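Here is the structure we will look at, set down as structure tokens.
These numbers come from a predicted model, not from an experiment.
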Amino acid sequence: MTETSEQPIRARMAPSPTGPLHIGTARTSLYNYLFARHFGGTYVLRIEDTDLARGTADFERDIIDNLHWLGITWDEGPQVAEGEDIGPFGPYRQSNRSALYAAEAARLLASGGAYHCWCTPQELEAVRREQEAAKEAPRYNGRCLRLTDAERAQFVAEGRQPAIRFKVAPEVVRFDDLIRGEVEFDNSLLGDFIIVRGDGTPLYHFVVVIDDEKMRISHVLRGEDHLSNTPKHIALIRALGYREPQFGHIPLILNADRSKMSKRKSQTSVTAYRDEGYLPEAMVNFLAFLGWSPGTEEEIFTLDDLIARFDLAHVHKGGAIFDKDRLDYLNGIYIRSLTDEQLALRLRPFLPDGLDDEAVLRVVPLIKERLVKLADARELVAFLTETDDEVAARYDVAALVPKGRSLADAATALQAAREVLAELTAADFAADVLEGRCRAEAERLGWKAGDFFRPQRVAITGRSVSPPLFGSMELLGRDRVLARLDAALRKATLQESLA
RNA sequence: GCCGCAUUCGUCUAGAGGCCUAGGACACCGCCCUCUCAAGGCGGAGAUCACCGGUUCGAAUCCGGUAUGCGGUACCA
């Protein structure tokens, strides 16, 4: 396979801190990580913060934190936001590498591989419009390549700051994409492009090539949106005398309408999913399968499983829609695979402080298989922290009444249950005991158990959907259960007397 | 417009010429279980493998064309 070249494998992720960690970036980072780890290679994090205003520190922090959250680790690069770089090829933030870029630009200028361009944005825009009107490919017309010394002097005198433009050789560029196979482009269609702005800051296409070379990157796995950019990069690589890494372009993650996943149409920040209570295990498993499969029917994979099994041969070529239903399903699987102790720990940040750690651990068995996301726990356990009044205020008396029964019936059942439960001591208030008593009572009265339990469920939790009734009662304790039953009884009789 | 890439159930996918009357999973529907809701079990529906034409005894799989979608075409990354 092509991926096992003699070169040591070095892969990288190169996020730009222009926003919080994006789902697409996370997936690309994951694939690179899996690839590097699978082959025992080195993984590098490079922050692409060329020419970005301040305020990016927060985004860098978000990106690094969330990559860590996903379980992705790297051998070189900043390990924490604003932290020191680790690794022999730093600095790993492009904002700290300006001198390198300037030197390489000067080298290209000296060799004739690039030239100064004095054209203003307005002039370029005008040319572009003309070309479009003439139905030509819009590309640089090469004016500044043919400038006379006098013209050049004139621009300098005007105080114009030249950009640096790369001279693209008009040749067909071919490369063997790790995922798509042989791809070829005609670079004569490209036109010379700018690599350094008039203000001296370098552009993406230029710095990415320099950094990948200087950081000895052997394999560049990136989104398919870069496929068309690759011939530019190869042209630059050749002009600079660099070694060509292997390129692989992975399919895009799509919005529901099949366009490239975007903030406008989808929830794209990893943090947002994290805040909803998705588990990193589920996220990783889900993301990995958006564009890759092991080639079998297995579908539950931990990060380590993925490292062991990941291969480029099974990476798809077509894009994949981000299907939240499937993420939900996987999240449930991973939630249920945790021990109660582990789940309690993960639930902690999602639950009110009023519930102590002990209480959280006790309620976990009741809600575990009812959780799609960790945040769902809030509503499920609310009855524990709500006051008796708050619970009573949540429901209408009609909710107490089982189908086919009257309010008077419900009151009777409630009263009967109250009496049976009141006989128990606080110490005997255990789910199995409670259930036994209530079932016996239902039978004695000739009620179906489910119907008999309904008014109690509503009275105790304030909701007609709740965790298992008797477990809930046990957690609440004798006094509060009786108080809530009494409150329900009062509501019912009050209603009856009004009727 | 030009260039490039892609195209199997609604979705994620298995599939590398005969094992495919196309398999799994999610979602959906039904039944079972059941104190509600879930979880779980069982079953159902759902894809003329984008289309057309080749190659071949045989094509979802190979070739060509078309269509559609997406991406790129910036002094964005």
Side-chain angles (χ1 to χ4, degrees), chain A residues 14-16 18 25 48-52 117 119-121 124-125 128 131-132 134-139 161-165 177 179-180 183-187 189-191 193-199 201-205 207-208 223-232 249 251-252 254 256-260 286 289-300 313-314 316-330 332-333 336 367-372 376 380 402 435 438-439 442 448-454 456-458 461 463-471:
Chain A
S16 180
T18 52
T25 309
E48 306 233 330
D49 60 349
T50 330
D51 186 41
L52 294 175
C117 175
C119 297
T120 63
L124 294 171
E125 176 60 24
R128 203 170 60 94
Q131 290 171 331
E132 267 172 22
K135 295 215 186 284
E136 289 170 25
R139 72 183 112 136
Q161 293 297 313
I164 299 175
R165 209 174 266 281
D177 190 279
I179 290 156
R180 278 145 222 283
V183 179
E184 79 173 41
F185 287 86
D186 184 356
N187 269 10
L189 266 22
L190 233 40
F193 57 91
I194 291 185
I195 54 176
V196 180
R197 296 184 182 89
D199 68 3
T201 56
L203 258 22
Y204 169 77
H205 295 309
V207 297
V208 73
E224 193 200 325
D225 45 350
H226 282 299
L227 187 60
S228 310
N229 291 326
T230 305
K232 290 182 188 173
H249 291 88
L252 263 19
L254 276 21
D257 65 4
R258 305 208 79 90
S259 55
K260 178 164 92 168
F286 173 69
F289 273 69
L290 246 33
W292 175 84
S293 83
T296 66
E297 286 177 356
E298 302 158 275
E299 55 180 5
I300 305 300
H314 283 97
H316 293 182
K317 297 172 181 174
I321 293 174
F322 187 97
D323 178 18
K324 208 169 178 185
D325 280 336
R326 199 175 177 83
L327 210 210
D328 284 346
Y329 162 75
L330 286 171
I333 297 274
R336 276 172 259 123
I367 62 173
K368 193 178 196 172
E369 61 199 24
R370 271 159 265 262
L371 297 175
V372 171
D376 295 341
L380 252 14
E435 181 167 359
C438 283
R439 279 189 190 283
K448 271 166 57 184
D451 288 346
F452 189 67
F453 299 161
R454 166 163 245 266
Q456 295 178 68
R457 177 188 314 285
V458 172
T461 65
R463 296 153 173 87
S464 46
V465 171
S466 79
L469 217 212
F470 304 104

Exercise for the section: Tell me whether the OP1 or OP2 atom of rC76(B) has a side-chain N or O from Arg197(A) closer than 4.0 Å. Expected result: yes
Exercise for the section: Could you check how far CD of Glu224(A) sits from C1' of rU7(B), rounded to whole Å? Expected result: 12 Å
Practice task
Using modelled atom types only, decide if a donor and an acceptor are shared between the side chain of Arg180(A) and the backbone of His249(A) within a distance under 3.5 Å.
Solution key: yes
Atom pairs under 3.5 Å: protein N/O with N/O of nucleotides 35-41 of chain B:
residue, atom, partner, partner atom, Å
rC35(B), OP1, Arg439(A), NH1, 3.3
rC35(B), OP1, Arg439(A), NH2, 2.1
rC35(B), O2', Arg457(A), NH2, 3.0
rC35(B), O2, Arg457(A), NH2, 2.4
rC35(B), N3, Leu469(A), N, 3.3
rU36(B), O2', Ser464(A), O, 3.2
rU36(B), N1, Arg457(A), NH2, 3.4
rU36(B), O2, Ser466(A), N, 2.7
rU36(B), O2, Ser466(A), O, 3.0
rU36(B), N3, Arg457(A), NH1, 3.4
rU36(B), N3, Ser466(A), O, 2.6
rU36(B), O4, Arg370(A), NH1, 3.4
rU36(B), O4, Pro468(A), N, 3.3
rC37(B), O2, Arg370(A), NH1, 2.9
rC37(B), N3, Arg370(A), NH1, 2.2
rC37(B), N4, Arg370(A), NH1, 3.4
rA38(B), O2', Glu369(A), O, 2.5
rA38(B), N1, Glu369(A), OE2, 3.0
rA38(B), N3, Glu369(A), OE2, 3.3
rA39(B), O4', Glu369(A), O, 3.3
rA39(B), O3', Arg336(A), NH1, 3.1
rG40(B), OP1, Arg336(A), NH1, 3.3

Fill in the blank from the handout: When both distances are under 3.5 Å in a Watson-Crick or G-U wobble arrangement, the nucleotide paired with rU56(B) is none
Problem - Set of residues satisfying side chain to side chain donor-acceptor pair (under 3.5 Å) with respect to Arg457(A), sequence neighbours excluded - result: Ser466(A)
Practice task
Check every strand shown and say whether Glu184(A) touches a base, only sugar-phosphate, or nothing at a heavy-atom separation below 4.0 Å.
Solution key: sugar-phosphate
Problem - Span that lies between the C1' atom of rG10(B) and that of rC2(B), in whole angstrom - result: 34 Å
Handout entry: Closest non-hydrogen atom pair, Arg165(A) against Cys117(A)
Key = NE-SG, 3.3 Å
Completion exercise
Whichever of Asp257(A) and Arg165(A) has the more 5' nearest nucleotide on RNA chain B, that residue is Asp257(A)
Handout entry: Interatomic distance, Asp451(A) CG vs rU34(B) P [rounded to whole Å]
Key = 16 Å
Between N or O atoms, less than 3.5 Å apart, protein on one side and nucleotides 28-30 of chain B on the other: list the pairs.
none

Problem - Nearest atoms (heavy-atom pairs only) where Phe289(A) meets Glu299(A) - result: CZ-CA, 3.8 Å
Exercise for the section: Send over the distance from Asp225(A) CG to rC76(B) P, rounded to a whole Å. Expected result: 17 Å
Completion exercise
Which of rG72(B), rA6(B), rC75(B) is nearest the side chain of Lys260(A)? It is rG72(B)
Exercise for the section: Write down the atom of Leu252(A), the atom of Glu224(A), and the distance for their closest heavy-atom approach. Expected result: CD1-N, 3.5 Å
Practice task
Starting from C1' on rC76(B), measure out to NE2 on His205(A) and report it in whole angstrom.
Solution key: 9 Å
Practice task
Would you kindly give the NZ-to-C1' distance between Lys317(A) and rG71(B), to the nearest whole Å?
Solution key: 17 Å
Practice task
Using the C1' atom on both, measure rC28(B) against rA16(B) and round to a whole Å.
Solution key: 33 Å
Exercise for the section: May I ask you to say what Ile194(A) touches in the nucleic acid, namely base, sugar-phosphate or nothing, with a heavy-atom cut-off under 4.0 Å? Expected result: base
Practice task
Take atom C1' in rC62(B) and the same atom in rG15(B), then report the distance between them in whole Å.
Solution key: 15 Å
Practice task
Please state the C1' separation for the pair rC26(B) and rU73(B) - nearest whole angstrom.
Solution key: 38 Å
Problem - C1' spacing across the pair rC49(B) / rG17(B), given as an integer number of angstrom - result: 15 Å
Exercise for the section: Whole angstrom is fine here: how far is it from CZ in Phe193(A) over to P in rA77(B)? Expected result: 13 Å
Exercise for the section: Rounded to the nearest angstrom, tell me the gap between atom CG in Asn187(A) and atom P in rC2(B). Expected result: 19 Å
Practice task
Of all the heavy-atom pairs spanning Pro251(A) and Gly291(A), show the shortest one and how long it is.
Solution key: CG-CA, 4.3 Å
Practice task
Using both distances under 3.5 Å as the test, list the Watson-Crick or G-U wobble partner of rA6(B), or none.
Solution key: rU68(B)
Handout entry: Any donor-acceptor N/O pair, Arg463(A) side chain to Thr461(A) backbone, under 3.5 Å
Key = yes
Practice task
Please tell me which of Ala163(A) and Ser228(A) maps to the more 5' nucleotide of RNA chain B, matching each residue to the nucleotide holding its nearest heavy atom.
Solution key: Ser228(A)
Completion exercise
Heavy-atom nearest pair, Pro138(A) first then Gln131(A), reads CA-OE1, 3.2 Å
Exercise for the section: Let me have a per-nucleotide readout for nucleotides 10-19 of chain B, 5' to 3', with B, S or -, counting only protein heavy atoms under 4.0 Å. Expected result: -SBSSS----
Handout entry: Donor-acceptor under 3.5 Å (Gln456(A) side chain, Phe452(A) main chain)
Key = yes
Problem - SB check Asp225(A) Lys260(A) (cutoff 4.0 Å) - result: yes
Exercise for the section: With C1' as the reference atom in both, quote the distance from rC37(B) to rU21(B) in angstrom, rounded to an integer. Expected result: 41 Å
Short heteroatom pairs, N/O only, protein and nucleotides 62-67 of chain B, under 3.5 Å:
none

Problem - Touch class at under 4.0 angstrom, heavy-atom based, for Cys119(A) against every strand present - result: base
Exercise for the section: Go through the structure and list residues passing side chain to side chain donor-acceptor pair (under 3.5 Å) with Glu369(A), not counting sequence neighbours. Expected result: none
Exercise for the section: Write down the partner of rG1(B) under the Watson-Crick or G-U wobble criteria, each distance required to be under 3.5 Å. Expected result: rU73(B)
Handout entry: Same-atom distance (C1') from rG41(B) to rG53(B), integer angstrom
Key = 49 Å
Practice task
Applying side chain to side chain contact (heavy atoms under 4.5 Å, CB included), run through Ile333(A) and Tyr329(A) and close with a yes or a no.
Solution key: CA-CA 6 Å; Ile333(A) 297 274; Tyr329(A) 162 75; 3.7 Å; yes
Practice task
Examine Tyr204(A) together with His226(A) and report whether their ring centres are nearer than 6.0 Å.
Solution key: yes
Problem - Distance-minimising heavy-atom pair for Leu227(A) and Asp177(A) - result: CD1-OD2, 3.8 Å
Practice task
State the pairing partner of rA25(B); accept Watson-Crick or G-U wobble contacts with both distances under 3.5 Å, and report none otherwise.
Solution key: rU11(B)
Exercise for the section: Between rA6(B) and rG24(B), how far apart are the C1' atoms? Round to whole Å, please. Expected result: 24 Å
Practice task
Scan every strand shown for a Watson-Crick or G-U wobble partner of rU36(B), both distances under 3.5 Å, and answer none if you come up empty.
Solution key: none
Problem - Nearest-Å distance for atom pair NZ/P, residues Lys232(A) and rG4(B) - result: 15 Å
Exercise for the section: Give none if rU48(B) has no partner; otherwise give the nucleotide forming a Watson-Crick or G-U wobble pair with it, both distances under 3.5 Å. Expected result: none
Handout entry: Distance (rounded to the nearest 0.5 Å) between Ser259(A) OG and Ile321(A) CD1
Key = 9.0 Å
